[in-house]
Each structure stands twice: as C-alpha cells, then as structure tokens.
Trainee: 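Quick one: structure below, then a few questions.
Throughout, protein chains are lettered first and strands after them, A, B, ... in sequence-line order, and every chain is numbered starting at 1. The shown structure was predicted, so the numbers you read here are calculated from the model rather than taken from an experiment.
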Number of protein chains: 2
Amino acid sequence: MKENKLSSRKQKILRAVVDEYIRKAAPVSSGEIKAKYFDDISSATIRAELSTLEDMGYLVQPHTSAGRVPAPKAYKYYVENFLDKRPLRRQDIAKIDATFNAKFKEIEEIVRSAAKIISDVTNYTSVIVIKNIANVVIKEIKLVGLDENSALVIIITDGGIIRDKVITVESRLDDNFLSNASLLINKVFGGRKVGDLKSADVEVQKELSDFKELFESVLSILLSYCEQDEAKVFVEGESKILEYPEASLESAKSFLTIIDDKSKIMELLEKEEPDIEFSIKIGKEETKGMDKCAVVAASYTINGKEIGKAGVIGPERMDYGKVISVLSYVRSAVNTIFNSGIKKIDIKKEENND
Amino acid sequence: MKENKLSSRKQKILRAVVDEYIRKAAPVSSGEIKAKYFDDISSATIRAELSTLEDMGYLVQPHTSAGRVPAPKAYKYYVENFLDKRPLRRQDIAKIDATFNAKFKEIEEIVRSAAKIISDVTNYTSVIVIKNIANVVIKEIKLVGLDENSALVIIITDGGIIRDKVITVESRLDDNFLSNASLLINKVFGGRKVGDLKSADVEVQKELSDFKELFESVLSILLSYCEQDEAKVFVEGESKILEYPEASLESAKSFLTIIDDKSKIMELLEKEEPDIEFSIKIGKEETKGMDKCAVVAASYTINGKEIGKAGVIGPERMDYGKVISVLSYVRSAVNTIFNSGIKKIDIKKEENND
DNA sequence: GTTAGCACTCTATGGTTTTGAGTGCTAGCA
DNA sequence: TGCTAGCACTCAAAACCATAGAGTGCTAAC
C-alpha cells in the first residue's frame, strides 16, 4: 500500500466523491463538493485536486465535461480507510436476532434464513455457499422405518448438524431388519470422515449380503452429500439489484446469468488473500463481468474450519459499512449455532463482536 | 363463447398472425401473410379482414401504419381452437422421465425437481405452489432422539408424504422418555387432519404434564406446516424471461417483484373457472401487471384433492402447445408418485395421456 | 366480393442545433 | 507557492428537423 499517502485534503475530497456518488449515483462535480464539504477552498482548487486524483487512478471522468466517478481503486481506498464500522441499527439487530431465535434448526434452514435476513437488512442480493462436508465426521446414522419398503436415513455429524433423506428399497424393512442393518451401517460408517468414503469402500459391501441394497442406498446418500456439485448455493433477493439506478437490461442479464451458475458464484465469494477478514471485489474484472457491481464476502466456520461463505452482491456504490456489519453480525449468530451444535440453540447476544 | 363464429378465412388469418408473431415478435403485415399463407387472395383482401378482426378485438395495431399484433383475445382464441396438442419431443420426455426416476423422494425434492424440469424443457420461468396440507391425515409421528436435548420429529401422512424437523427442548430425552412421549403424541395426533388442529386442541395439553414441552414443539411444527404462509412456492428459471426480445428493464422489474411475492404468485396460478383443465392468463389485467406476459397453470392432486399448482410464466407469444404438453406430462408423472405414496416410486410410462 | 392503385400516416433513422453543466487553463492575487 | 476568479472550451443530452419506407385505408373498377 504505497499510495496511502494522500494529503488529508485529498482524502477528504476522495471521500466526498465516494459518499456523494453512493448517495445519488451520478458523477459529482467540483461545485457540489465545494458546496457540501468545503467552506475554505474554491471549486477551482478542488478541481485541481480532482484532476490529480484522477491521474492517480482513483477517479474517472465519463467524459471531459462531466463530474468525477469513483474508480474501483477509490472504493478500495474508501473501504480500507473511511469505513465507519458503526453498529447496526437497533431494528436491524432485532430483526436478525428474531430470525435466529426460532426453535427448530436444520442446516439448510439456518442457511436459508441467514441468506434471507442478510438480503432483507442490506437490501442487496445475498448469496451463501456451503462447502462440501468432506471432512465432517459421521457420529451416527439412524434408520427409521416409514413403511414396508422405505425408511428415513438420518445422518448425525460431529458438529451436531443433521441431514436426512427418505430411501426406498425392495427388501422388507421390519424392525428387526432395520436394527440389524443399523448396527452394521454404524459399524462401517461411524466415526469416519465423509470425504474418505469415496470409492475406496466398495469392498466392504460384499460382507453385507442381506443389507446390500440398504447399505448401498446409504452410501450413495453420503456420497451425494459430499459430492453434490461440491457445494450448495443459496441466493436471496435476486431482484434487489434491479432497484438501483445503474441497472440496465444488459447488466440484469449478466447478473442473473451469473447468479444461475453455482461455480461462478463460488468464485465470486473466494477471497484472494487468505489473511483478510472480508473479501471485497470491486470492478468488472473482479466480479466476473458484472459491471458496476461489487461483492463483499465473509467466511463461516465450524470449530475453526471453513464450511461456507456468505456474501452480498450489490452496486459498486453500496453501503459497505452496513454490509460488513450485517455479515459480521449474522456470522457470529450463525457461528454460535453451528459451533454449539444442536445442544445449544440460543444465541448468546454478547458474543457478536465479530 | 358467442364469437366463435369466425369465418374459416378469418380463422386462418388470425392464426397466421399469432403464429408469425410468436415466431418473430414483431407486428405482422398483410403482405407477409399473403406471401406465407395465401396464394388465392390479395393483400388488400387480407387487409380488410385484418381490419374487421381488429374491430372484433382480436388484434391491435401499435400505430396506424404498422402491422397487426395479437391481442390477449387472439391468444385465447388461438389456445382454444388452434392449439395442436402435439406430443412432446422424445428428448424432452426422456429428460423428464430421468428426473423422476431417481430413487429418493421427499415432497420438497419432488416439487423442486418438477419446477426445474419444467423450466428446463420449456425454457420459460416455472412456478409451483404447494397448498397448505390442512386436510392431510396424520398417519404416524415418529420421534428420533439425536442427543440429550434434541430429537427429530418425523411426520408421516396418509399420502405417504413425510416431513421432518429437528426440535430442541430443555428436558432430557432418553429412550424411555421418547417412547412414552411417542405413544402419547400418536394417541393425540394420529389419524387426525392437520387442518383440524388449529387452536382447539390447546386443552389436551394439560393432561400431558411431563411431555408438555415436547408436545408443544410437535404441535407447533404441525401448525406451522399448515399455516406457513398458507403455501410454499418454488420458482425456477427466473432469468429465462429476460431472454425474450420483449423484455425491458421495466418489465424485468415488475416481473421479479411479483416473483418475490408469494401471494401474488398464488393468485397468478389460481384459475377463474373451476371446470377448465388449464388456466391461461394473458394480458396485463390478468397477470398482475406483467405486461406482455402470460401464465399457464395446472392443478396437481393427491387422491383427487388439489395439493398444489404448477405454472409457467413466459411471454404472451409463448409456445402454448409445448407448455401445456409439458405441464401435463409432468403432472401425470408427479401425480403418479404422489398418489402411489412412497411405496411405488416408479413412474408408469403409460399413464401420461391427458 | 375482390383487387390494383394511390394517397396517407407514422415510426425509425440520422443529421443538425442548442443548451448547460462542468471542466481546464491562465493570469492575477495573497 | 498555493489559491482563486474568470473565461473559453468540451461534450452529452435534449430538441428539432428531414427523409425514407413500411404498411395501411380507401376508392374505383372488375
């Protein structure tokens, strides 16, 4: 960061341009800045400063006789230096808390709620991806008979997260059969990492003559969980992006196309530098061609392991402060739920300083 | 339908206009029709006919010196009279069959797959709503302990449809406790209609001292299923609508706004006349203001009772024949799954006429 | 009833002009 | 040296105008 050395006046002007542009989404002129931010210097002076800021790559002019518009570099500088991490408004906190205070929690539901609340509170499109659960350990697998030929397979993992699915088989599933099968299945799968199952285990099946069909179903569930496109993606509020004036039919199309593509979304949420807390991508090159858009993303963890990411997609001139606060707050709420497993669902209100 | 009395020449012309408009999405002129559809009469004659068709409300002219564009009335006439119920292409049938031949089926999954395949095959946006399950009968409720304080509640209904959810309670959930609770809960809820539970049952609780907490959790799950916004809505392919030339930023906005609003979607899929098989809504007034859009919807049933609707939202000039075929085919596939419960998952290939 | 022919209409296209916001530059001032 | 007033210059957007051509409506004749 060699160019952090902007004079304080330049900083003030740069900030003014970004703030104004965030507010009204139109090029900002020297006169405007003079009127709203400076009593002591003239617009001509500001003009000179703007000109050098442009040379430095912070600003761009749509055309010679227009005001200035922040370049991606300006947003980055803004985020790094001016972002006021003001606390969320009380009503937003209340909304989020309410979302996560409901009683019954399953992983999908938690994630979906999180995505929804992020989108609601920020008023941007939100995206959450859950990584594959390859290194999650299987604690127990339960089989519940539903009728003669079908059963519910419940997979309980070390994080206390459960997933379940109905299977249907040819064999008659009476209680006896099921409990025997259950024993065997748990003997095979219990305590193992989901990621280790892959194909290596096909051998074991041969031992399980009677339960082969059932066993295979369970295995395929496990495999599908760990393979399913490598990750699950949840999107909420996709229409929000259209509400901003920079939206065009073009941009809407490219936006929705990307939103439809899981792998692209995942790349968007990926952070370049591993040590930063929030990944912020601004500018066409970094956002897969979504012009005038920015993506802010944060990681979610269980016991220190990343299990997914949540992000917000909005216009470049988005309210970064708020977005980061929301992501941070929701993250702490979700982390609390995840890390405490299903045992403790209540969110500790005190634990939400990121 | 008093105005069904169009001369066969008028019919041919009307059909020509609709077909051409569906093809190229631009006003069609008398000359064009003459060239492509008639050898025996002149464009002037066609012009005269077009003029009367316009007077009758079937066509509109964007402006005096433009060709004709079908009015909603024309599409309706077209659907009623000209629709060729040609069978689906083999590849489409194969796609749909493949979707529903997968092994594990839960209600949400079935519905989501159905929505996805409809959107894929038609290339329009698809929407499915599942009605509240008020008159579904509870066959059995199973409780599976997950750990000390949480359990999975599995609700099995008469249709063989299951839903489940994790609950967390204060009480210690050992096997004994759970099996006792299970007995009691099934005694109370077993065989009852979900819709009858409402508040009337609060009395019963008092008998269940020990199990009160658990009981309440289960009840609230049941109630939430039957109340949850009255219905669940699934949407797939929302970006598809933008791919058609009539798309504008305006229309995209109004479209996505409606798509975000469950109640509006449900109204869209509602049919006006109870006896028709497919509800087709064309024109701004009928589509909640989505201009140039049409909605085709069909009902899905279990044992003759409507449990939901599936629909397609596309441009007015959509391929109605194909859409109806797809909805029809998917319906029969889904109905087969539903009506046979979880016992028989395989789709009878023969049952897909109508 | 049909049609050829023609006048008419109206959009779409593209060029020209005008306007005004906003800049860049320069000369003069502190 | 830094700031500023003033002014010329630039350029996009709006307003205006002209033209072309697609397509109609009408009418008179068949």
Trainee: My understanding is that only residues two or more places apart in sequence, or in another chain, count here; which of them pass side chain to side chain donor-acceptor pair (under 3.5 Å) with A/Ser239?
Mentor: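 Side chain to side chain donor-acceptor pair (under 3.5 Å) check on A/Ser239 returns B/Asp260.
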Trainee: Look for any protein N or O under 3.5 Å of an N or O in nucleotides 13-15 of chain C and output each such pair with its distance, or none.
Mentor:
none

Trainee: How many whole angstroms separate atom CG of B/Asp39 from atom C1' of C/dT3?
Mentor: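 Roughly 16 Å, once rounded to whole Å.
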Trainee: May I have all residue pairs that pass salt bridge (Lys or Arg N to Asp or Glu O under 4.0 Å) and include part of residues 287-298 of chain A, sequence neighbours excluded?
Mentor: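 Checked against salt bridge (Lys or Arg N to Asp or Glu O under 4.0 Å) - neighbours excluded - the pairs reaching residues 287-298 of chain A are A/Glu267-A/Lys288.
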Trainee: Report the distance from atom NZ of A/Lys34 to atom P of C/dA21, rounded to the nearest whole Å.
Mentor: 19 Å
Trainee: Round to the nearest Å and state the distance from B/Ile46 atom CD1 to C/dT3 atom C1'.
Mentor: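 Rounded to whole Å, this separation is 12 Å.
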Trainee: For B/Arg90, which residues count as a side-chain contact (heavy atoms from CB on, under 4.5 Å) partner, sequence neighbours excluded?
Mentor: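 Not a single residue meets the side-chain contact (heavy atoms from CB on, under 4.5 Å) criterion with B/Arg90.
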Trainee: List for me each residue that meets side-chain contact (heavy atoms from CB on, under 4.5 Å) alongside A/Pro87, sequence neighbours excluded, and say none if there are none.
Mentor: none
Trainee: Filter on salt bridge (Lys or Arg N to Asp or Glu O under 4.0 Å), then keep only pairs touching residues 7-18 of chain B, sequence neighbours left out; what's left?
Mentor: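 Listed once each, the pairs are B/Arg9-B/Glu49, B/Lys10-B/Glu49, B/Arg15-B/Asp19.
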Trainee: Kindly indicate whether a cation-pi arrangement holds for B/Lys73 with B/Tyr58, taking the cut-offs as under 6.0 Å to the six-membered ring centre and within 45° of the axis.
Mentor: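 Yes; both conditions hold, so B/Lys73 lies above the ring face of B/Tyr58.
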Trainee: Got a sec, which pairs hit salt bridge (Lys or Arg N to Asp or Glu O under 4.0 Å) with one end in residues 35-47 of chain A, sequence neighbours left out?
Mentor: A/Glu20-A/Lys36
Trainee: Can you name the side chain to side chain donor-acceptor pair (under 3.5 Å) partners of B/Ser29, sequence neighbours left out?
Mentor: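 Checked B/Ser29 against side chain to side chain donor-acceptor pair (under 3.5 Å); zero matches.
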Trainee: Give a yes/no on whether any side-chain N or O of B/Thr45 is located under 4.0 angstrom from OP1 or OP2 of C/dT3.
Mentor: yes
Trainee: If the threshold is 4.0 Å, N to carboxylate O, is there a salt bridge linking B/Glu243 and A/Lys253?
Mentor: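 Result for this pair is no, no salt bridge flagged.
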Trainee: To the nearest Å, how far apart are B/Asp40 CG and C/dT2 P?
Mentor: 9 Å
Trainee: Could you go through nucleotides 27-30 of chain C and list every protein N or O atom that sits under 3.5 Å from one of its N or O atoms, giving the distance for each pair?
Mentor:
none

Trainee: Run the side-chain contact (heavy atoms from CB on, under 4.5 Å) test against A/Ala25 and tell me which residues pass, sequence neighbours left out.
Mentor: A/Pro245, A/Glu246, A/Arg317
Trainee: Measure from CZ on B/Phe38 to P on C/dT2 and round the result to the nearest Å.
Mentor: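 Value for this atom pair: 11 Å.
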Trainee: Could you work out, with side-chain contact (heavy atoms from CB on, under 4.5 Å) as the rule, every residue matching A/Gln61, not counting sequence neighbours?
Mentor: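 Applying side-chain contact (heavy atoms from CB on, under 4.5 Å) to A/Gln61 gives A/Glu54, A/Arg68.
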Trainee: Summarise protein proximity over nucleotides 11-27 of chain D in one line of letters, 5' to 3': B for base, S for sugar-phosphate only, - for none, counting protein heavy atoms closer than 4.0 Å.
Mentor: BS---------BSBBB-
Trainee: Expressed in angstrom and rounded to an integer, what is the separation of A/Tyr21 atom OH from C/dG22 atom P?
Mentor: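 Rounding to the nearest Å, OH of A/Tyr21 and P of C/dG22 are 14 Å apart.
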Trainee: Once you round it to whole Å, what is the distance between P of C/dG22 and CD1 of A/Ile33?
Mentor: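 Whole-Å distance recorded here is 11 Å.
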